[in-house]
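Residue numbering restarts at 1 for every chain, and letters A, B, ... go by the order of the sequence lines. The basis for the numbers below is simple: all heavy atoms, side chains too, and nothing from hydrogens, waters or symmetry mates.
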Protein chains: 2
Amino acid sequence: MAVTLADVAARARVSAATVSRVLSGNYPVAEATRTRVLAAVDELDYVINGPASALAAATSDLVGVLVNDVADPFFGIMASAVQSELGSEKLAVVCNTGGSPERELTYLTLLLRQRAAAVVITGSAVETPEYAAASAAKVGRLAANGTQVVLLGRPASAAPEGSVLAVEFGNREGGRRLTEHLISLGHRRIGYVAGPADRTTTRHRLEGHRAALAAHGLGGDAGELGRLTVHGPYTRKSGYDGALELLDREPGLTAVVGSNDAVALGICAALREKGLDIPGDVSVAGFDDLPFSADATPALTTVRLPLQEAAARAARLALGREESPAGGRDMVPAELVARASTAAPRA
Amino acid sequence: MAVTLADVAARARVSAATVSRVLSGNYPVAEATRTRVLAAVDELDYVINGPASALAAATSDLVGVLVNDVADPFFGIMASAVQSELGSEKLAVVCNTGGSPERELTYLTLLLRQRAAAVVITGSAVETPEYAAASAAKVGRLAANGTQVVLLGRPASAAPEGSVLAVEFGNREGGRRLTEHLISLGHRRIGYVAGPADRTTTRHRLEGHRAALAAHGLGGDAGELGRLTVHGPYTRKSGYDGALELLDREPGLTAVVGSNDAVALGICAALREKGLDIPGDVSVAGFDDLPFSADATPALTTVRLPLQEAAARAARLALGREESPAGGRDMVPAELVARASTAAPRA
DNA sequence: TCTCCCATAGTAAGCGCTTTCTGCCCCGGG
DNA sequence: CCCGGGGCAGAAAGCGCTTACTATGGGAGA
């Protein structure tokens, strides 16, 4: 039925081993033989059997990419960059975890089952001990299997020492810069619509925000900070609801920061609905600088993360095409992008 | 080293065959035996070897998803929906073709090599005979291999009869509705920034547009139509450049239609830069109704395609979980979404 | 001219699973 | 009491490839 290695071998009048060697190219084969084999491959329209090859070689050419949801451009951009970096040697298996630790574990098991060559895990980690342990175990198992695990936008700390590489995001730094920008414009009462409470990204961004406040003596006590902060998913709706809630708690707000751009857009929508001008009455800022942020009105002030470059780097690390950073972890910088949604508060 | 079926079998004091049967569940196994096996699996932390299983069973649990670029939300949404629909039985291999026929063929070959269970090919097809033939051949090969091929947003016509299922988009219909909307508002000189010239989606949307014009006696001759149409990629920049070009050719335009939302946003940017008000001076419309379109200012009039539902359907068809539509093809409707970027032209 | 060795090619033993074919045992019917 | 058959489990033959290990031939060095 299907053409196999043996068929090609027969046609080229060599052994199967030789054909295999020509195709994988990791063993010397005389030029004449090689051309003969290649011709046979061509004539028979031979396509190698991936599973058979993976079984024999004990590794596949699949690379897992775990994301919250590829439909979200934040993850879509990273997934795309990883995939593109793989070229046509490796295939990217993308898995939507929806941010659920269980599903993350499930997919890691499936990738283990596939004997994936590498796995890139993007986005926040959930910060609970049980999950951390389960995750570490699974990652250890993967590593033991020869699968290179690379964390992208997630702290390496949660993983077993040495088994993992990480490209981390300057979330804390970015959060700090953003709030400093607001403070330097003259804002004193700044609301914050944060992400889900138990995630690393949420925590880091929020810590940066609070560090900036504290540095300017604006923090207030914990109660005060809590009053100006609401948590919710990284969605537009969360920004919308959060802004309404914050306005309710503290009508004197002059600025609201969103945990990401989608949240910021939701904040804008809520403010507009309340008849407030942006940035005249209230300034708004986001995080990530996704493509649509520049086209929003007003154009969103935000923090740019070089997602594409970082993801490409993660992919290269995953494939062992690039030297690992010192300590196995690497930090990509966050850059403030000041646009029209922030301005000095009204006097 | 690694735990294998045989290890589990030994521990459960059954044969490997029995373990395999318990795990795949397609053969009667006595309840007592089953529990014993499951216990052994658990105790040994056994993870089945995917490649070995795929080799023996001659099919893998991979499903290919071909997209132009997952970073583009249009494709990201579809890829996400397909992936989610697969559940945790099958894995989605997503491939960025960048719209290139060669890369599309390359990835189809890679998926053939993996013995993929199914392949979902999204987006436009390039309309050249050589490509059509090559593509048909590859698809035929896949089908012969037992891989179900489903076209999503691409006409089934290009594929070999019967070997393929298709979920098509109402591009022509949507294009027609959109332009009819503009005409009914009073527009007579309507520019069109189309997609790349040789793609099915581009052609269908443009045909719909022109059908609407013709139905109202507005088409003019071919030269006239050509003068009001520019082609370019489906990008924001293309919209920006295209709008400038159109304005140059025909300063009296009162409306410009973009081939998709990103293009429309580019058109908006160009118009704004020219000091034109939207929709006061010029109306703008897009296509696809991606999430960001509602947040643009003014909110974009566009055509909604139920991408998520369509993609989920495609995935179900791919897995054989849903009855195929009559004739193997199915058409999802396009719906006009009139928002603030279109209005009656100035008198 | 004779060895020795390197460059190639072949042999064959798996990789870990699925599945067909058998076989066993126990039940019900004759 | 015997026979037939159904329900389960096992044996074993691959699935198509990779990769030690082995074999061979001819050129280089002595």
Measure [atom1]/[X] against [atom2]/[N] and give the value in whole Å, please.
X: A/Gln114; N: C/dG16; atom1: CD; atom2: P; value: 15 Å
X: B/Leu55; N: D/dA13; atom1: CG; atom2: C1'; value: 13 Å
X: B/Asp61; N: C/dT18; atom1: CG; atom2: P; value: 11 Å
X: A/Arg21; N: C/dT11; atom1: CZ; atom2: P; value: 11 Å
X: A/Asn26; N: D/dT18; atom1: CG; atom2: C1'; value: 9 Å
X: B/Arg13; N: D/dA9; atom1: CZ; atom2: P; value: 13 Å
X: B/Arg113; N: D/dT18; atom1: CZ; atom2: P; value: 10 Å

Let me confirm one number: the [atom1]-[atom2] distance from [X] to [Y], rounded to the nearest 0.5 Å.
X: B/Thr122; Y: B/Asn68; atom1: OG1; atom2: CG; result: 6.5 Å
X: B/Leu112; Y: A/Ile48; atom1: CG; atom2: CD1; result: 12.0 Å
X: A/Thr97; Y: B/Gln83; atom1: OG1; atom2: CD; result: 9.0 Å
X: A/Arg113; Y: A/Tyr107; atom1: CZ; atom2: OH; result: 12.0 Å
X: A/Cys95; Y: A/Arg103; atom1: SG; atom2: CZ; result: 9.0 Å
X: B/Asp61; Y: B/Lys90; atom1: CG; atom2: NZ; result: 5.5 Å

Base of D/dG16, side chain of B/Arg115 - is there a donor-acceptor contact under 3.5 Å?
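By the distance-only test, no, there is no pair.
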
Record whether the side chain of A/Tyr27 comes under 3.5 Å of the base of C/dA9 through a donor-acceptor pair of N or O atoms.
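By the distance-only test, yes, there is a pair.
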
Can you spot which of A/Leu62, A/Leu86, A/Val63 makes a side chain to side chain contact (heavy atoms under 4.5 Å, CB included) with A/Leu91?
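Exactly one pass, corresponding to A/Leu62.
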
Can a donor-acceptor pair be found, under 3.5 Å and without considering hydrogens, that links the side chain of B/Asp69 to the backbone of B/Phe75?
no

Has the side chain of A/Thr147 got a donor or acceptor atom that lies under 3.5 Å from a matching backbone atom of A/Ala116?
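Yes, the answer is positive, given that a donor and an acceptor are paired below the 3.5 Å cut-off.
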
For A/Thr18 and C/dG10, is the shortest distance between a side-chain N/O and OP1 or OP2 below 4.0 Å?
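Yes, within the criterion.
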
Residue-phosphate contact under 4.0 Å: B/Ser20 side-chain N/O, C/dC17 OP1/OP2
no

Nearest to the side chain of [X] - [options]?
X: A/Ala17; options: C/dC15, C/dA12, C/dA9; answer: C/dA12
X: B/Ser15; options: D/dA11, C/dT19, D/dG14; answer: D/dA11
X: A/Pro28; options: C/dT8, D/dT19, D/dG10; answer: C/dT8

Step through the shown structure and confirm whether more than 12 heavy atoms of other residues, nucleotides or ligands are within 6.0 Å of CD on A/Gln308.
no

So that I can tick it off, tell me whether A/Glu89 and A/Arg321 are bridged by a salt bridge, with the cut-off set at under 4.0 angstrom between side-chain N and carboxylate O.
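Looking at A/Glu89 together with A/Arg321, the answer is no, because their closest N to O distance does not fall below 4.0 Å.
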
Of the residues in residues 46-53 of chain A, which ones touch DNA chain D at a heavy-atom distance under 4.0 Å?
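Those residues whose heavy atoms fall under 4.0 Å from DNA chain D, taken from residues 46-53 of chain A in numerical order, are A/Tyr46, A/Ile48, A/Asn49, A/Ala52, A/Ser53.
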
Which of residues 29-39 of chain B sit near DNA chain D, with a heavy atom under 4.0 Å from it?
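Per residue number, the list reads B/Val29, B/Ala30, B/Thr33.
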
Among B/Glu104, B/Glu127, B/Glu168, which residue meets the salt bridge (charged side-chain N to carboxylate O under 4.0 Å, His left out) test with B/Arg154?
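Looking at B/Glu104, B/Glu127, B/Glu168, the match for B/Arg154 under the salt bridge (charged side-chain N to carboxylate O under 4.0 Å, His left out) is B/Glu104.
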
Estimate the overall bend of the helix from C/dT1-D/dA30 to C/dG30-D/dC1 from the end axes over five pairs each, rounded to 10 degrees.
40°

